[in-house]
K.L.:
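A single structure is presented below for examination.
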Amino acid sequence: MINKNQLMLLGIFFLAACGGSNENNDSDLIGRCDTQSSLVEVSTNSSLLFHIESYNTLQPAVIAATINGVDSTNYTFQWTQKSGDTLILKSSRSPVLAFTPKSIGHYQFELVAIGATNSFTETVTIEVTEGQPDPLAIRSDHQVSMGSGVSFRIDTPTSNSPQDISWCLVAGPDLTVDLSASENPLFSAPIVTEDTFATLRATATINGLPVSDEVHLLITKEAAITSPYFDTPIAKTFAYQSDSPYKSVLKNCVYSNQLNQNCTIAQLPLIGQQPNNSKQQILDRLLVSHQWMGENFEYFLDNLDPNSDFATLLQSVTAVVISYDVRPSFYWVVTGAIYLDPNDLWLLAEERDTINEAPDYRSGFGSELNFLMPWRYVKNNQYTSYVTPRSTRVNRSATEMHPDLASLLYHELAHANDFFPRSIHASLQGPTLLDDYQNRDSQQLLISDQLSAMYPLNSEIMTSLADVSFRGEAANETQKAYGPSDITSFFSNDTASDYYGYSTRREDAAMLFEEAMMSHRLEIQRDVAVTDKPEVATADTISVDWGQRGRIGDNALQSRAAFVIEQILPELDSMGLVSKLPQPIFMIHGDSWSENLTISPTTPSAINRVSQQVEVTAPLTLSGNRHPLRED
């Protein structure tokens with residue numbers, strides 16, 4: 001049986017971006033402050049304890065709860081605001097309630113904590129006073145399982161931004177913290193013997209005046225990890241639908257440190273194996289770490305899936321997991337579930353605050369190769385991906401959220417439907433999905449297997465280069481010597497839609513489906529190019545040797561794309577669909593990646609941007625950096 005560490009390595013082998021291990025040379029044991037924590041313990045009529053602080057307007061605040069003498073592992077929590085001006089509460093299912101009050105006054109909250117054998121219901125009242133101007137703001141107080149990655153972030157607005165930031169530990173166990181970016185400390189929560197608070201303080205200057213703020217972390221003791229699948233700490237999650245008929249098995253089957261054996265199809269079948277398929281069936285299989293993640297996903301299905309593509313594609317998964325510690329998103333055949341990074345789902349700044357920034361470390365595979373292959377999604381000569389950095393704290397619209405989430409779902413759900421298309425749901429034998437997958441794989445029955453047999457990719461050179469870029473193989477001298485013009489000749493004359501398609505036949509099929517559906521449904525086209533590799537590679541510094549906008553519309557790719565679409569979504573006229581896709585537009589040789597953004601013909605509608613983002617420089621995105629796939 002393969003363990004999760006091996007699966008993580010397998011997933012990393014399919015990635016191409018910078019990274020390494022989670023050890024950082026800038027990490028160090030931070031010193032202790034000479035002051036006491038601002039948290040004050042408040043007792044109740046039960047074993048429930050509240051932990052409060054002083055509260056000022058416009059400053060991040062927290063109320064936390066613990067249970068005297070008991071670890072909170074087996075409890076669920078639900079906060080409800082009872083009085084005071086309405087607050088935005090995005091961690092209401094956590095023992096740590098974070099919020100930012102905008103007005104003074106008294107606020108009352110009720111907390112219901114439910115355990116296996118007992119429950120508590122208590123209320124707490126706080127008073128919010130007028131805050132100081134330009135305060136230092138750290139986001140966000142939260143709970144974390146021991147051993148998990150932790151991130152905090154100081155607000156750094158373009159005006160009145162804090163300077164000379166330093167950190168110290170007010171209370172709690174020793175912490176080794178990565179402060180390479182002082183506004184964004186990163187560390188792993190230490191192992192604790194009981195639920196334990198860690199409080200950090202940041203000091204800085206704003207407009208020459210000293211400022212400080214504290215942030216609180218509740219590190220919860222967790223049961224010993226026994227799972228060979230999830231053998232590292234994971235976030236606490238819960239069923240989005242409290243009355244889901246799968247509530248009792250959902251977490252244990254798809255996201256648990258105690259998962260010791262694959263669940264059977266009888267325990268957790270594919271969504272499409274149940275009668276009366278509906279959106280409700282999907283929501284019954286939704287597991288989240290924060291309530292807002294489920295709410296936004298439900299909104300997406302209700303309002304941004306007009307053709308029911310995603311509702312249909314989701315029939316081939318057992319569950320949807322959305323958790324603040326999932327990074328990057330992936331589909332996993334072992335559980336049959338899709339795991340989504342909530343970075344593609346947030347709408348409010350307060351929602352983005354709850355998402356862990358512990359880095360998605362990637363391997364620097366292919367660093368000795370002498371070319372790059374960037375990509376981007378474009379409409380009306382504008383990026384459609386959301387590129388506003390975390391340091392710019394703003395809300396975003398559903399329109400801005402839509403393209404990234406749509407492309408992600410088309411891709412990951414293509415994997416699910418490659419493995420378990422709806423046409424075989426009735427014939428699955430089990431007892432587990434993994435058994436059926438292994439049987440289908442051994443007989444080369446997957447859609448991607450059939451694609452490879454009928455319409456194989458021809459470039460062995462590109463396949464071997466993909467082993468270097470996505471699997472970590474060492475580059476030989478011949479491969480190191482290939483320049484951009486060589487790669488252009490290999491890639492442009494073959495029928496892959498993207499370099500990543502050479503990593504596995506599974507990715508080949510998923511890339512074809514993703515790009516075709518994004519063009520067909522959203523009129524969003526994918527740019528792909530071969531460029532040089534300067535020492536400092538940015539969208540402005542790399543030079544395009546060859547590139548295309550909308551490569552999926554190339555006549556040479558039509559039969560391949562049509563086959564995949566026909567197998568995954570037979571409701572569509574696949575040949576008619578691909579024949580109507582826009583013909584590719586060639587990029588201008590010698591121009592930079594940035595300069596090639598505006599190659600589409602200008603029309604009156606082109607002035608209507610897809611996104612009204614804060615103007616920022618779009619990051620350079622390389623092939624394969626978004627879609628790991630985990631097989632057994």
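What you see below is based on every heavy atom in this structure, not just the backbone, and it leaves out hydrogens, waters and symmetry mates.
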K.L.:
Flag this pair as yes if the NZ/CZ of Arg551 is under 6.0 angstrom from the six-membered ring centre of Trp375 and inside a 45 degree cone about the axis; otherwise no.
P.N.:
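Judged by the rule, Arg551 and Trp375 form no cation-pi pair.
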K.L.:
Quick one: do Glu571 and Arg422 satisfy salt bridge (Lys or Arg N to Asp or Glu O under 4.0 Å)? Show the steps, please.
P.N.:
CA-CA 12 Å; Glu571 298 88 346; Arg422 285 171 290 144; 2.6 Å; yes
K.L.:
How about Phe230 and Trp332: are their ring centres within less than 6.0 Å of each other?
P.N.:
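When the ring centroids of Phe230 and Trp332 are compared, they turn out to be within the sub-6.0 Å range.
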K.L.:
Assess whether atom CD of Gln443 is packed by more than 12 heavy atoms of other residues, nucleotides or ligands within 6.0 Å.
P.N.:
yes
K.L.:
Is the centre of the Trp346 ring less than 6.0 Å from the centre of the Tyr324 ring?
P.N.:
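No, the ring centres sit 6.0 Å or more apart.
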K.L.:
Got a salt bridge between Glu357 and Arg327, using NZ or NE/NH1/NH2 to carboxylate O under 4.0 Å?
P.N.:
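Salt bridge absent between Glu357 and Arg327.
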K.L.:
Are more than 12 heavy atoms, taken from residues, nucleotides or ligands other than Gln444, located less than 6.0 Å from that residue's CD atom?
P.N.:
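More than 12 heavy atoms, drawn from other residues, nucleotides or ligands, come within 6.0 Å of this atom.
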K.L.:
What distance separates His415 NE2 from Phe330 CZ, expressed to the nearest 0.5 Å?
P.N.:
12.0 Å
K.L.:
Determine whether the aromatic ring centres of Tyr331 and His411 lie less than 6.0 Å apart.
P.N.:
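Judged by ring-centre distance (under 6.0 Å), Tyr331 and His411 do not meet the cut-off.
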K.L.:
State whether the number of non-hydrogen atoms from other residues, nucleotides or ligands found under 6.0 Å of Lys580 atom NZ is greater than 12.
P.N.:
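No, the 6.0 Å shell around NZ holds no more than 12 heavy atoms from other groups.
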K.L.:
Check Arg506 with Asp441, please: is the shortest side-chain N to carboxylate O separation under 4.0 Å?
P.N.:
yes
K.L.:
Can Gln315 and His425 be counted as having a side-chain donor-acceptor contact under 3.5 angstrom?
P.N.:
no
K.L.:
Quick one: which of Tyr500, Phe371, Trp546 gives a ring-ring contact (aromatic ring centres under 6.0 Å, His included) with Phe491?
P.N.:
Trp546
